[in-house]
Amino acid sequence: LELIIVKLKTKTGYLTVANLYLPPGKPFETQQLQQCINALDNCSLLVGDLNAKSRLWGSRFPDKRGRIIEELLANSSFTVINNGQPTYTHHTGIQTHLDVAICSNRLAAKASFSVLNNSLGSDHCPAVTRLFDVDIFNEQTTLDRFALQRADWPRFKDAGRQSLTDQAVCSHDTDVYHDNITAAIIKAAEVAMPRCTSTSKRHRYKAQPYWNDTCRRAVADRNRARNK
């Protein structure tokens, strides 16, 4: 395997960036790849042409190498951030997913991945990974809370016993069960403690999307249709 690691100083601290290449058709030692992952810290990004197939980054049919990488990642604090777009086009026109972007869990919600629809003369399309370039929005909300410091806890305990009964909360539907328990706790709190209102301004990062097989297939079909 071929690996290059650089450490960059940014405004928010140090960022480790690694580029990894696994040649196709050549065996590699799993221990070597494990050592590569161990060399990265909790603020790291690893990208590269791994010549491996896995459902984690969009391949419909995983191969042995992909399953090895899956197992290593499952035991690490790293996340694949590919969005399901294929990165490689075979001379027959078949597209697949060989280039992978992996980042530490700490950075996953602040990272984005995209593939440019221009091969620039190569059989790989450029894959672009961005960090700290996702939309951050300010959410200003008025929160209606219970004043816990003014609560009458013995009264709350008695009210909870009266409202949290099997007859009141039990249900075969898990969602209904959850809603009944929540409503019973709130009802007890309303009896035993006053409410207070506060305004907060929270900064949130756009959540990392969850990709299942249906989403991956839809993206792959879209890209194949677009590139015909």
Side-chain angles (χ1 to χ4, degrees), residues 1 3-22 30 32-60 62-63 65-88 95-117 124-139 141 200-220 222-223:
L1 56 78
L3 177 69
I4 298 175
I5 299 178
V6 296
K7 199 158 191 175
L8 307 175
K9 186 175 182 180
T10 70
K11 293 181 180 179
T12 57
Y14 285 96
L15 171 67
T16 302
V17 179
N19 184 270
L20 175 65
Y21 175 66
L22 299 179
T30 304
Q32 286 184 305
L33 190 55
Q34 181 66 68
Q35 290 173 348
C36 293
I37 295 175
N38 293 342
L40 305 176
D41 54 30
N42 65 352
C43 192
S44 299
L45 171 68
L46 185 149
V47 296
D49 179 5
L50 305 189
N51 283 296
K53 298 178 182 179
S54 166
R55 290 189 176 92
L56 284 180
W57 47 89
S59 301
R60 290 187 62 185
D63 58 13
R65 180 179 289 191
R67 285 189 287 269
I68 291 174
I69 297 173
E70 283 180 9
E71 185 175 349
L72 290 175
L73 292 178
N75 296 316
S76 72
S77 57
F78 287 82
T79 301
V80 175
I81 61 171
N82 287 53
N83 62 4
Q85 289 180 269
T87 62
Y88 172 78
Q95 293 183 310
T96 187
H97 313 69
L98 300 180
D99 302 277
V100 186
I102 302 167
C103 70
S104 52
N105 293 340
R106 176 183 173 185
L107 299 177
K110 308 169 188 178
S112 65
F113 178 90
S114 61
V115 180
L116 303 183
N117 191 23
H124 288 258
C125 288
V128 181
T129 303
R130 291 186 172 90
L131 292 175
F132 312 108
D133 193 30
V134 294
D135 294 332
I136 302 175
F137 63 93
N138 294 327
E139 181 184 33
T141 56
S200 68
K201 194 172 185 180
R202 293 180 292 177
H203 300 273
R204 290 184 177 179
Y205 287 101
K206 183 176 67 175
Q208 179 81 347
Y210 175 76
W211 285 89
N212 56 28
D213 289 338
T214 302
C215 295
R216 294 189 183 98
R217 286 195 295 270
V219 171
R222 182 200 66 187
N223 291 334

Neighbour count >12 (heavy atoms, 6.0 Å) for atom CD1, Ile4: no

Between Asn105 and Thr79, a side-chain donor and acceptor under 3.5 Å: yes

Which atom of Leu45 lies closest to which atom of Cys103, heavy atoms considered: CD1-CB, 3.9 Å

Within-4.5 Å side-chain heavy-atom neighbours: Leu46 and Phe78: no

Any donor-acceptor N/O pair, Arg130 side chain to Ser114 backbone, under 3.5 Å: no

CG on Leu3 to SG on Cys36, rounded to 0.5 Å: 4.5 Å

Donor-acceptor pair, side chain of Thr96 and main chain of Tyr88, under 3.5 angstrom: no

Side-chain donor or acceptor of Thr87 paired with backbone N/O of Leu98 under 3.5 Å: yes

Contact summary for Leu72 and Leu33, nearest pair of heavy atoms: CD1-CD2, 3.5 Å

Asn82 (side chain) donor-acceptor with Asp99 (main chain) under 3.5 angstrom: yes

Glu71, CD atom: more than 12 neighbouring heavy atoms under 6.0 Å: no

Interatomic distance, Ile37 atom CD1 to Ser104 atom OG [nearest 0.5 angstrom]: 12.0 Å

Heavy-atom check, side chain of Cys43 versus side chain of Leu107, under 4.5 Å: yes

Spatial distance of atom CG (Leu131) from atom CG (Leu15) [nearest 0.5 Å]: 6.0 Å

With sequence neighbours excluded, residues passing ring-ring contact (aromatic ring centres under 6.0 Å, His included) with Phe113: none

Flag if over 12 foreign heavy atoms under 6.0 Å of CZ, Arg60: no

Trp57 (side chain) donor-acceptor with Ile102 (main chain) under 3.5 angstrom: no

Spatial distance of atom CD (Glu70) from atom CG (Leu56) [nearest 0.5 Å]: 4.5 Å

Test item: His97 side-chain N/O and Ser54 main-chain N/O as donor-acceptor pair under 3.5 Å: no

Ser44 backbone acceptor or donor facing Thr16 side chain under 3.5 Å: no

pair Ile5-Leu40: side-chain heavy atoms closer than 4.5 Å: yes

Which atom of Leu1 lies closest to which atom of Gln32, heavy atoms considered: CD2-CB, 3.9 Å

Side chain proximity check, Tyr21 to Asn51, heavy atoms < 4.5 angstrom: yes

Minimum-distance pair of heavy atoms, taken over all atoms of Ile69 and Ala52: CD1-CB, 3.8 Å

Ionic contact status for Lys7 with Asp41, cut-off 4.0 Å: yes

Student check: side-chain heavy atoms of Leu116 and Cys125 closer than 4.5 Å: no

